[in-house]
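What you see is a predicted model, and the numbers here were worked out from it, not measured in a lab. Counting begins at 1 with the first residue of the sequence. In each ligand, atom 1 is the first atom listed, and ligand 1 is the first ligand listed.
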Amino acid sequence: MKVMKISIFLSMLIFVGCSVGGVSDNDIGLRKSSLFSEDSAIKAYDYNLKAAGESTLIDRAFENAPPMIPHNLDDMLPITKENNSCTSCHLPDIAEAVNATPMPKSHFYSFRENVDLKGAMDESRFNCVACHATQVNAQPLVGNKFMPNFREADSNKKSNLLDVLNEGVN
Ligand code: HEC
Ligand code: HEC
């Protein structure tokens, strides 16, 4: 008897679950296609941006946000212990010669030990793509009204995290 009651209850639940407001599974997610198939959901986005040296910098999303990578990463990934091509252009000693933005002071400072590493990169910065991301030519699925508030005229193009980190802290 008890088992029967539970199974009636369950089938009612399933019935209710399937028909709430007549919403089809195509309308549940942002992707607007069936949740039961990946076929139509995955579009071929184009990661094929311009090469390093030919791309245009992207404004920072907010003050001291990690800048987006504006160029393609052809032959640069994966970053391995033996091979980190990012540093071959972005280390401050080299960057100017190749017209790349030099890595900032914060990447040569250990926040764990609270010491300036005197020009040596902090190992926690090694995997650049953990924080810096490339871009695809995809349109956002929902609009975004976020407006960053940059305190200095050039802070949409430059970072100064290490200089301002302790602002307001005594
Ligand atoms: C061959 C040199 C080269 C290599 C290798 C390279 N970059 Fe760049 N990068 C540049 C140049 C040059 C720019 C400036 C934009 C341009 O001219 O294309 C740039 C711009 C950037 C920017 C934007 C900086 C800003 O001020 O907005 C980021 C972030 C970046 N690169 C990250 C990376 C990462 C991460 C890697 C490794 C996966 C990498 N780069 C590998 C040369 C390089
Ligand atoms: C843990 C996250 C993280 C990692 C890993 C990381 N970055 Fe950054 N990066 C940031 C943030 C956050 C900023 C902006 C704030 C600042 O100055 O630290 C930044 C800023 C930069 C800038 C802009 C400098 C400027 O003066 O505007 C460059 C170039 C850069 N990073 C390159 C790299 C490269 C190359 C690597 C890998 C060798 C790397 N980053 C690894 C988080 C990271």
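- Backbone and side-chain nitrogen or oxygen atoms of Arg60 are examined, and one is located within less than 3.5 angstrom of a nitrogen or oxygen of ligand 2.
- Scanning all protein heavy atoms for the shortest distance to atom 2 (C) of ligand 1 gives Cys89 SG, 1.9 Å.
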(request) Determine, step by step, whether Glu167 and Arg151 satisfy the salt bridge (Lys or Arg N to Asp or Glu O under 4.0 Å) criterion, reporting the C-alpha distance in whole Å, the side-chain angles of both residues, the deciding distance to 0.1 Å, and the verdict. (result) CA-CA 13 Å; Glu167 249 176 26; Arg151 291 177 297 170; 2.9 Å; yes
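- Those atoms of ligand 1 with a heavy atom of His132 less than 4.0 angstrom away are 29 (C).
- Atom 26 (O) of ligand 2 has as its closest protein heavy atom Ser159 OG, 3.7 Å.
- Nearest to atom 33 (C) of ligand 1 among the protein's heavy atoms is His90 NE2, 3.5 Å.
- Ligand 1 does not have Lys158 within reach: every non-hydrogen atom of the residue lies 4.0 Å or more from it.
- The shortest N/O to N/O separation between Ser106 and ligand 2 falls below 3.5 Å.
- Asp25 and Ser34 form a side-chain donor-acceptor contact under 3.5 Å, judged by distance and modelled atom types alone.
- Close N/O approach between Asn160 and ligand 2 is not found [any backbone or side-chain N/O within under 3.5 Å].
- For atom 41 (C) of ligand 2, the closest heavy atom belonging to the protein is Arg125 O, 3.2 Å.
- Under a 4.0 Å N-O distance rule, the pair Arg112/Asp122 does not qualify as a salt bridge.
- For the ligand labelled ligand 1, residue Lys50 lies outside the 4.0 Å heavy-atom shell.
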